[in-house]
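Quick caveat: nothing in here was measured; it's all calculated off a predicted structure.
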Amino acid sequence: MNFFKIYFIAIFLLFGVTVFAQVQINRPVELVGNTFDAKIKGIKSVTDSLDATSVESIQSGILIYAVASGSNNNFFLNISPPINFYQPGMVFNFLSNQTITGSTTLNINNLGAKPITKSVNMPLAGCEIQNNQAVTVVFDGTNFQMTSALALFGPPPTTSNAGPDQLNVTANTTVNLAANIPSNGTGVWNLISGAGGTIASPSSPTSTFTGQPLTTYTLVWAISNSCATSTDTVIISFASCAVPGTQTFNYSGSIANFTVPVCITSITIQAYGAQGGDGCCSASVPGGKGAYILGTVNVTPGDILGILVGQQGGFRSGGGGGSFIWNTSNANTLLVAAGGGGGGGDTKNGSVAPTAGDGQITTTTSSGGGTGTAAGGTGGNGGTGGAPNPVWSGSGGGAGWSSNGADGQYGGEAIGTGGASPVNGGAAGNAGLNGGVGGYGGGGGATYPGGGGGGYNGGGGGNAWIAGGGNYAGGGGGGSSYYINGIPGNGSASGFQSGNGLVVLTW
């Protein structure tokens, strides 16, 4: 049979369905039967998309079947020979390469993604197509309706949110992660890229992450259940090590915070306690001066140091506040510079006003204070209040590191209250009647006797008393200083600072 007759028969047989085809077959073929029973035999081993289709290729399903590719709920099929357009009624079979977690699309031969739906036009939900599942869909002109059975294994996991990127972090090399808490499934952090990074608690969405300077990291937060896994990534990068620097803290009336910079493992601290207020009246005594203490402490990048700078005591015998530096990350006291006691008051009928105590660099007890019985007791952590004999009036003790100073004992006039410790906010002690307000953390004075100075151990408040026809009003005791390593640096001194306190950090 020649080629011309083959062309004619092919056109005649297909004309009834309005499809025209011209096939040139460069091999022997055979036409069996006639009219509507005629068959072409001999076409086989079709491998190229431009070859004529054989019975074998139809039986293998290569026209309507493929293994899917794609990800993130998007399927791609490459049908060979390729189709040129979507037409309602087209049926396609594919083998899934993923477990879906929500609404899903199908794209065949790059003709455009169309939704895969169930129950005509409802979007798919998580787990309704599983990995390696055989799926059949029919194109309805808008969607691919899924006609094969849905795989139902429960609801999908919570959609993962790894939190915002943290770029060029300069304060430290440790950050807090901020992923979402799963309501369905369990989450875990994984480090995808970046050298030397450590996730402290991989199952915690708010775990800390520690890296290295000049390094960028990619982390993934994966939330999984028996159905599927949802993932999201976060980028964290750290800047270079901090350059050497200095920061000065003056009195402000509040506690300041300082974050230890990247790569810094030690800081030198210079701390000055505040001077006590001057006494009153006809023979007033100057307030004791604050201590100066120097030391170098070990720190970790990212530590937050709390800093309270002492305030000078108010006129009429207010005690001076100490200057305190501590590590809020572990509540360790690093260094305290003691404040001076408030000055003594009036001297009548030849009495002599005892002096006020200076802030001391001793790291054990509160020393200094007025002479004789003029100064209050040494004080424990918070300085004791004045306790006159016979009773007249006493002033408040200075604050210690962890406890307030004691109030002055009531006499013929109102008492002066003790200063508040840094743990309790560092407030100044209030004055007694006509007395002076203490500095930030210092004890308040009561008319004439001086309030105690603040410190690691606060100084005691002064006493006022009458004896031998004279009126006596003692100065307050100075506080004691503290250094975490025990021995202050060279140059530290008792009775050094006038006015308000000061703190200088150098790294």
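- For the pair T328 (side chain) and I304 (backbone), a donor-acceptor distance under 3.5 Å is present.
- A side-chain donor-acceptor contact under 3.5 Å links S224 and T229.
- A donor-acceptor pair is defined here as one N or O able to donate and one able to accept, closer than 3.5 Å; such a pair exists between the side chain of Q311 and the backbone of Y440.
- No donor-acceptor pair closer than 3.5 Å links the side chain of T159 to the backbone N or O of P157.
- Between the side chains of T101 and N73, at least one donor N or O lies within less than 3.5 Å of an accepting N or O.
- Between F258 and W507, the ring-plane angle classifies as tilted under the 30° and 60° cut-offs.
- Distance alone, capped at 3.5 Å, is enough to place a donor-acceptor pair between the D278 side chain and the G287 backbone.
- I223 CD1 to S160 OG: the interatomic distance, rounded to the nearest 0.5 Å, is 4.5 Å.
- Counting non-hydrogen atoms of other residues, nucleotides and ligands closer than 6.0 Å to CG of L214 gives a total above 12.
- In this structure a side-chain-to-backbone donor-acceptor pair under 3.5 Å is missing from T173 to P213.
- A distance-only check finds a donor-acceptor pair linking the side chain of D407 to the backbone of G418 [under 3.5 Å].
- Side-chain N or O atoms of N404 include none that pairs as donor or acceptor with a backbone N or O of A399 at under 3.5 Å.
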Residues T105, N107; criterion side-chain contact (heavy atoms from CB on, under 4.5 Å); working and verdict: CA-CA 7 Å; T105 65; N107 188 344; over 6 Å; no

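- D165 places a side-chain N or O within donor-acceptor distance of the main-chain N or O of I235, the cut-off being under 3.5 Å.
- Side-chain atoms of T233 never come within 3.5 Å of backbone atoms of L219 as a donor-acceptor pair (strictly under, hydrogens ignored).
- By the 4.5 Å heavy-atom criterion applied to side chains, L505 and T246 are not counted as neighbours.
- Residues I484 and T333 are not in side-chain contact: their nearest non-hydrogen atoms beyond the backbone lie 4.5 Å or more apart.
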Evaluate side-chain contact (heavy atoms from CB on, under 4.5 Å) for T198 paired with F209, printing each intermediate quantity in order. CA-CA 6 Å; T198 302; F209 174 76; 5.8 Å; no

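- Screening residues 174-207 for ring-ring contact (aromatic ring centres under 6.0 Å, His included), with sequence neighbours left out, gives W189-W221.
- Screening residues 292-340 for ring-ring contact (aromatic ring centres under 6.0 Å, His included), with sequence neighbours left out, gives Y272-Y292, Y292-F496, W326-W401.
- In summary, the side chains of T218 and S193 do present a donor paired with an acceptor at a separation below 3.5 Å, with no hydrogens or angles considered.
- For N500 (side chain) and Q312 (main-chain N/O), a donor-acceptor pair under 3.5 Å exists by modelled atom type.
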For V503 and Q270, run side-chain contact (heavy atoms from CB on, under 4.5 Å): C-alpha distance rounded to whole Å, both residues' side-chain angles, the deciding distance at 0.1 Å, then the answer. CA-CA 6 Å; V503 171; Q270 301 176 73; over 6 Å; no

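- In this structure, CG in L124 is found 4.5 Å from CD1 in I100, a value given to the nearest 0.5 Å.
- For the residue pair N332 / N327, no side-chain donor-acceptor distance below 3.5 Å is found, with atom types taken as modelled.
- Other residues, nucleotides and ligands contribute over 12 non-hydrogen atoms within 6.0 Å of the CG atom of N485.
- A distance of 5.0 Å separates CG of N180 from CG of N161, quoted to the nearest 0.5 Å.
- Atoms CD and CD1, from Q247 and I307 in turn, are 7.0 Å apart once rounded to the nearest 0.5 Å.
- Put simply, the side chain of F249 does not reach to within 4.5 Å of the side chain of V504, judged on heavy atoms.
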If you apply the rule side-chain contact (heavy atoms from CB on, under 4.5 Å), what do you find for V297 with Y483, and how did you get there? CA-CA 9 Å; V297 298; Y483 176 46; 4.0 Å; yes

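- Side-chain contact, T268 with T296: a donor N or O sits under 3.5 Å from an acceptor N or O.
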